[in-house]
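Worksheet: one structure, shown below.
Note that these values count all heavy atoms, side chains included, but never hydrogens, waters or copies made by symmetry. First the proteins, then the strands, lettered A, B, ... as listed; each starts at 1.
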Number of protein chains: 2
Amino acid sequence: MSGTILVVEDEPAIQELIVMTLKRAGHETLRAGSVEEASKLIDHALPDLALIDWMLPGASGVELTRRLRGNPRTQSMPIIMLTARSDEDDKLLGLDSGADDYITKPFSPKELNARIKAVLRRRAPEITDDIVETNGLMVDPATHRVTGDGVTIEMGPTEFRLLHFFMTHRERVHSRTQLLDQVWGDHVFVEDRTIDVHIRRLRQALEASGYDAYIQTVRGAGYRFSKP
Amino acid sequence: MSGTILVVEDEPAIQELIVMTLKRAGHETLRAGSVEEASKLIDHALPDLALIDWMLPGASGVELTRRLRGNPRTQSMPIIMLTARSDEDDKLLGLDSGADDYITKPFSPKELNARIKAVLRRRAPEITDDIVETNGLMVDPATHRVTGDGVTIEMGPTEFRLLHFFMTHRERVHSRTQLLDQVWGDHVFVEDRTIDVHIRRLRQALEASGYDAYIQTVRGAGYRFSKP
DNA sequence: CCGGCTCGTAACAAATATGTAACAAAGCCG
DNA sequence: CGGCTTTGTTACATATTTGTTACGAGCCGG
């Protein structure tokens with residue numbers, strides 16, 4: 001669970017502290033010390049979330065929030081407001097201005113991370129978890145279960161994802177590279193041959209129920225899921 | 001307000017439209033193009049509601065409805081009938097066959113959602129929560145008491161809430177993060193691993209009555225409550 | 001029939017995830 | 001104010017998964 005986070009904070013010490021906290025939690029960071037700087041950064045990169053200090057030199061954080069909300073490109077970017085004041089009015093103003101959440105300084109790294117996690121989670125795209133079925137072979141993402149003619153089939157997480165992908169993309173041949181992108185993720189670096197091993201493990205798991213022949217090798221091209 | 005809805009519709013375009021509408025409303029879906037397919041799906045999963053087209057290849061929708069009503073497992077499942085005909089006779093027949101409601105095509109997504117909501121709401125009381133029971137394991141929110149085959153089981157408040165959540169959301173896998181949100185609350189900041197400890201404590205409490213195996217670990221995904 | 005590839009498999013070591021126990025802080029109650 | 005329970009955290013033990021590699025079998029064009 002990582003993402004790029006824009007930190008808009010004019011106080012260097014606090015900015016540093018925040019950035020450190022975020023990095024430790026596995027996030028990438030973009031720093032800005034003012035509204036202008038932030039705007040410029042956003043022209044070239046689109047963060048997954050913005051952490052904006054309430055008090056900023058020049059235009060205030062509220063102003064920046066309004067701007068972000070006004071721009072179609074950044075309209076739906078989650079925003080968390082940082083405020084030193086704790087009176088209710090400010091909080092409400094921050095929320096009204098379009099922020100998704102606010103944190104009152106001083107705050108602990110733990111709290112910061114939790115809020116970020118919560119906000120990102122709220123925006124997380126709904127994963128489709130419809131049950132997929134083919135000839136008695138059933139994959140249910142909601143219960144994380146695979147059954148062959150009603151009998152539970154055990155397999156590791158990777159094999160599960162692999163099978164799910166195959167079953168939602170049947171008949172087509174998928175190259176090893178494609179499978180890596182789709183099942184492992186764009187960013188991960190693993191050998192192509194690793195796929196073969198997982199294919200083997202998946203086949204082995206399906207073997208007991210007799211569904212192993214559904215995963216076919218297409219020499220020189222990749223693998224395909226389809227009725228034998 | 002979510003639930004799994006079985007869509008039985010042979011016309012692909014209409015099926016797709018319906019599924020889209022349902023998804024947008026936050027429901028999970030199961031698709032079937034015929035009575036046979038629907039029957040097979042129901043053998044392995046129990047939807048919260050069924051949307052059945054009147055005209056289907058092979059056995060008709062009315063026939064499917066009768067079957068569902070005849071099976072104890074699906075006896076009380078709400079059913080909404082989709083019909084292209086608008087004459088009164090058909091409507092009455094549909095209702096007589098055991099459907100809870102009927103919708104005449106063409107229908108708007110809004111209407112579909114409204115009807116579904118209405119039907120589900122009618123059934124809601126049983127979900128809302130009074131005493132929850134599974135195979136002799138009983139959780140009573142009113143008295144805050146858990147019994148296994150009649151014998152009281154002692155546990156801490158957190159374990160109680162955890163168990164209650166599990167029992168009202170069986171079968172599904174819940175990630176540690178989801179559990180934190182649902183059982184602890186959005187705003188609480190605790191480590192993910194804390195869940196494991198409470199799971200352990202809950203299992204330990206249930207152990208004496210032999211219900212500990214109901215809480216299953218799904219490696220890489222989270223925990224699930226279901227019959228062993 | 002001979003290389004040259006591609007794929008299937010098994011074995012292995014490292015990385016991860018989960019189970020458990022112990023501990024200290026925070027609550028709770030009489 | 002003590003005792004007692006509940007909680008969250010951590011460290012360590014186990015268990016499982018994952019990625020790599022090495023080797024051999026099968027396929028194919030020449």
- Can a donor-acceptor pair under 3.5 Å be found between the side-chain atoms of A/R201 and the base atoms of D/dG19? yes
- Task: Would you tell me if any nitrogen or oxygen in the side chain of A/Y223 comes within less than 4.0 Å of OP1 or OP2 on C/dT6?
- Result: no
- Over 60° means perpendicular and under 30° means parallel, so classify the ring planes of A/H174 and A/F166, tilted if in between. tilted
- Task: For the pair A/D43 and A/K40, find out whether any cationic side-chain nitrogen is under 4.0 Å from an anionic carboxylate oxygen.
- Result: no
- Query: Separation of B/I199 atom CD1 from C/dT20 atom C1', in whole Å?
  - Reply: 14 Å
- Message: Tell me the interatomic distance from B/I195, atom CD1, to C/dA17, atom P, rounded to whole angstroms.
- Response: 16 Å
- Query: How long is the line joining CD of A/Q204 and P of D/dT17, in whole Å?
  - Reply: 13 Å
- Query: Roughly how many Å is it from CZ in A/F189 to P in C/dA15, rounded to a whole number?
  - Reply: 15 Å
- Over all atoms of both residues, closest heavy-atom pair of A/E133 and A/M138: CG-CG, 3.9 Å
- Query: Should A/W184 be listed as having a side-chain N or O under 4.0 Å from OP1 or OP2 of D/dG19?
  - Reply: yes
- Between A/V190 and B/E191, who's closer to the 5' end of DNA chain D by nearest nucleotide? B/E191
- Atom NE2 of A/H198 and atom C1' of D/dG19 are separated, to the nearest Å, by 6 Å
- Task: Quick one: label A/V188 by what it contacts on the DNA or RNA (base, sugar-phosphate, nothing), any heavy atom closer than 4.0 Å.
- Result: nothing
- Query: Between A/R176 and C/dC7, does any side-chain N or O lie under 4.0 Å from OP1 or OP2?
  - Reply: yes
- Query: Hey, is the side chain of B/R203 pairing donor to acceptor with the base of C/dG19 inside 3.5 Å?
  - Reply: no
- For B/T217 and C/dG19, is the shortest distance between a side-chain N/O and OP1 or OP2 below 4.0 Å? yes
- Message: Output the rounded distance in Å from CG (A/L162) to P (D/dT18).
- Response: 11 Å
- Taking atom C1' of D/dT18 as reference, at what distance in whole Å does atom CZ of A/R161 sit? 10 Å
- Query: Checking B/R161 side chain against B/W184 main chain: does a donor-acceptor pair fall under 3.5 Å?
  - Reply: no
- For B/E159, report the nucleic acid contact type (base, sugar-phosphate, nothing); a contact means any heavy atom under 4.0 Å. sugar-phosphate
- Message: Measuring to OP1 and OP2 of D/dT20, would you say a side-chain N or O of A/T194 lies under 4.0 angstrom away?
- Response: yes
- Which residue lies toward the 5' end of DNA chain C, A/D196 or B/R193, if each is placed at its nearest nucleotide? A/D196
- Could you give the CD-to-P distance, from B/E154 to D/dT6, as a whole number of Å? 9 Å
- Query: Less than 6.0 Å separating the ring centroids of A/H169 and A/F225?
  - Reply: no
- Query: Side chain of A/R219, base of C/dT6: donor and acceptor closer than 3.5 Å?
  - Reply: yes
